[in-house]
Number of protein chains: 2
Amino acid sequence: MNADYLKKLKQDHFKITPKRRAILDLFDREDKCLTPETIWEHLKKTFKQSGLPGIYRNLELFVKQGILIRIDREGRKRYYALCHDHSGHHHHHIVCVECGRVDDFPVCHFPDIKSTKGYKILSHSMQINGICKSCQ
Amino acid sequence: MNADYLKKLKQDHFKITPKRRAILDLFDREDKCLTPETIWEHLKKTFKQSGLPGIYRNLELFVKQGILIRIDREGRKRYYALCHDHSGHHHHHIVCVECGRVDDFPVCHFPDIKSTKGYKILSHSMQINGICKSCQ
DNA sequence: CTATAAATAGAAATAATTTCTGTTTATCCT
DNA sequence: AGGATAAACAGAAATTATTTCTATTTATAG
Ligand SMILES: [Mn+2]
Ligand SMILES: [Mn+2]
Ligand SMILES: [Zn+2]
Ligand SMILES: [Zn+2]
């Protein structure tokens, strides 16, 4: 849970600030993907002072740390969600197109090849879209 | 090739305009993913009159028609590329992170399951990133 | 407790995308 | 070929998500 993420931050010499705690807490509570602005709306309840640029910066930091992932949805906004996996194992995510809930997709089916069609393969990204139990 | 795309448009009662031809020709010639603005720069050479909103509209039309796909790259711009497959077979794409070249990735390894973790699966998207032969 | 670099707020800038309106044009039908 | 029609278009303007900048605050190591 949350403490693991904070430990990960501390390990890499990033500061544990109240805002950062609050962002991670929010993701824990909401259990779905969120936009920077939605997060900001929530934070403003607790911190009457709070800037959107700080949200953006922290979200990108969390992605670099493997704590959050970016989610693709309709529309022109960004979405982020908790990765939920602390082992660092490669895996993918399934997203509810209705409510934005995100869960780990247990395994990766992509073959472990290093090249195809003359390309040297570096990475792959994948997202599964569906409808979660409670939205069905 | 190009004629197939035009046929597809005509079938669905979309007009074959010089701009549309020019956009598809450009993709054929460039053989990589392009941003709306890049396309616009090229079109302006031939059509001194030419508006960016028209480019945006056409690109989204082509995506709906399965002629183009959207490509994720670094930065905040959109990229589009030819799908290159007229059979309509489900498949994915590999993108050169250096030059933006895009090729069909022959097969899809994602299992044909209809549900997981309580989700009803609707779709999945995937992109393979690598370095193409000429960029290595 | 202090020094210090990291994090922040707030305002402003940036730039991609969309919307709107009036005009043009591809296509269908005589 | 000529005319009617809806689709496509240009151009300007609006929108809005994201980034940059600067001065101030704050978490943390020593
Ligand atoms: Mn995960
Ligand atoms: Mn393809
Ligand atoms: Zn749901
Ligand atoms: Zn390349």
Side-chain angles (χ1 to χ4, degrees), chain A residues 3 5-26 33-65 67-68 70-80 100, chain B residues 3 5-26 33-65 67-68 70-80 100:
Chain A
Y5 300 136
L6 301 179
K7 193 184 300 177
K8 194 180 284 190
L9 284 179
K10 187 154 268 179
Q11 274 174 1
D12 290 348
H13 308 100
F14 292 107
K15 292 182 178 175
I16 312 297
T17 67
K19 302 274 163 68
R20 284 178 177 167
R21 284 177 193 280
I23 292 173
L24 293 175
D25 282 349
L26 179 62
C33 57
L34 301 167
T35 65
E37 194 168 8
T38 307
I39 295 163
W40 186 46
E41 301 294 347
H42 276 90
L43 282 223
K44 279 196 294 192
K45 292 173 190 164
T46 316
F47 308 89
K48 53 189 182 320
Q49 304 269 88
S50 154
L52 202 37
I55 307 278
Y56 276 92
R57 254 182 289 113
N58 280 320
L59 292 173
E60 279 307 301
L61 169 67
F62 293 154
V63 169
K64 270 200 214 97
Q65 293 288 301
I67 294 169
L68 296 183
R70 287 184 61 165
I71 296 291
D72 285 330
R73 299 194 77 183
E74 289 300 312
R76 50 211 272 210
K77 288 182 185 158
R78 283 188 195 170
Y79 290 83
Y80 295 84
Chain B
Y5 300 135
L6 300 179
K7 195 185 299 178
K8 194 180 283 189
L9 285 179
K10 188 154 270 180
Q11 273 174 3
D12 289 348
H13 307 102
F14 292 108
K15 293 182 179 175
I16 311 299
T17 68
K19 302 274 163 66
R20 284 179 177 166
R21 283 177 193 279
I23 293 173
L24 294 175
D25 281 349
L26 179 62
C33 58
L34 302 167
T35 65
E37 196 170 5
T38 307
I39 296 163
W40 186 46
E41 301 294 349
H42 276 91
L43 283 223
K44 280 196 294 193
K45 292 174 191 165
T46 316
F47 307 88
K48 53 190 182 321
Q49 304 269 88
S50 153
L52 203 37
I55 308 279
Y56 275 91
R57 256 183 289 113
N58 281 319
L59 291 173
E60 279 308 301
L61 169 67
F62 293 154
V63 169
K64 272 201 212 97
Q65 293 286 301
I67 294 168
L68 296 183
R70 287 184 61 164
I71 296 291
D72 286 329
R73 301 193 76 182
E74 290 301 312
R76 53 211 272 212
K77 288 184 186 158
R78 284 190 194 168
Y79 290 83
Y80 295 85

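Heavy-atom basis, side chains included; hydrogens, waters and symmetry copies ignored. Per chain, numbering begins at 1; letters A, B, ... match sequence-line order.
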Do the side chains of A/Lys10 and A/Leu6 get nearer than 4.5 Å, heavy atoms only? no
Whole angstroms only, please: what is the CG-P distance between B/Leu52 and D/dA14? 17 Å
Rounded to the nearest 0.5 Å, what separates atom CG in A/Leu61 from atom CG in A/Leu9? 6.0 Å
Just checking A/Thr35: base, sugar-phosphate only, or nothing, at a heavy-atom cut-off of under 4.0 Å? nothing
Is the phosphate of D/dT18, meaning OP1 or OP2, less than 4.0 Å from a side-chain N or O of A/Arg78? yes
Using only side-chain N and O atoms of A/Gln49, determine if any of them is under 4.0 Å from OP1 or OP2 of C/dT8. no
Nearest of C/dT27, D/dT28, C/dT8 to any side-chain atom of B/Ile16? C/dT27
A side-chain contact here means heavy atoms from C-beta on lying under 4.5 Å apart; do B/Tyr5 and B/Arg20 qualify? no
Measuring only between side-chain heavy atoms, which start at C-beta, is B/Asp72 closer than 4.5 Å to A/Asp72? yes
A/Lys19 side-chain N/O to C/dA9 phosphate OP1/OP2 under 4.0 Å: yes
Quick one: is A/Thr17 getting a side-chain N or O under 4.0 Å of the D/dT26 phosphate, OP1 or OP2? no
The residue, B/His13 or B/Pro36, whose nearest nucleotide of DNA chain C is more 5′ is B/Pro36
Rounded to the Å, how far apart are B/Glu60 CD and D/dA7 C1'? 18 Å
Compare side-chain N and O positions of B/Arg21 against OP1 and OP2 of D/dA8 and report whether any pair is under 4.0 Å apart. no
Distance, rounded to the nearest Å, where A/Trp40 contributes CH2 and D/dA17 contributes P: 11 Å
When you check the phosphate oxygens OP1 and OP2 of D/dA8, does a side-chain N or O of B/Arg57 lie under 4.0 Å from one of them? no
Rounded to whole angstroms, how far apart are OH on A/Tyr79 and P on D/dA17? 10 Å
Measure from the side chain of B/Arg76, starting at C-beta and using heavy atoms only, and say which of C/dA15, D/dT16, D/dA10 lies closest. C/dA15
In whole angstrom, what separates B/Lys48's NZ from D/dC9's P? 16 Å
Starting at atom CG of A/Asn58, determine the distance to atom P of D/dA27, rounded to an integer number of angstrom. 13 Å
So, OP1 or OP2 of D/dA8: does either fall under 4.0 Å of a side-chain N or O from B/Arg20? yes
Once you round it to whole Å, what is the distance between P of C/dT8 and NZ of A/Lys15? 9 Å
What is the distance from NZ of A/Lys10 to C1' of C/dA6, rounded to the nearest Å? 14 Å
Would you tell me if any nitrogen or oxygen in the side chain of A/Tyr56 comes within less than 4.0 Å of OP1 or OP2 on D/dT19? no
Side chains of B/Tyr80 and B/Glu60: does their closest heavy-atom pair fall under 4.5 Å? yes
From the set C/dA26, D/dA10, C/dA9, return the single nucleotide nearest to any side-chain atom of B/Pro18. C/dA26
Reckon A/Lys77 touches a base, only the sugar-phosphate, or nothing at all at heavy-atom distances under 4.0 Å? sugar-phosphate
Are side-chain heavy atoms of A/Ile55 and A/Leu59 found at a separation under 4.5 Å? yes
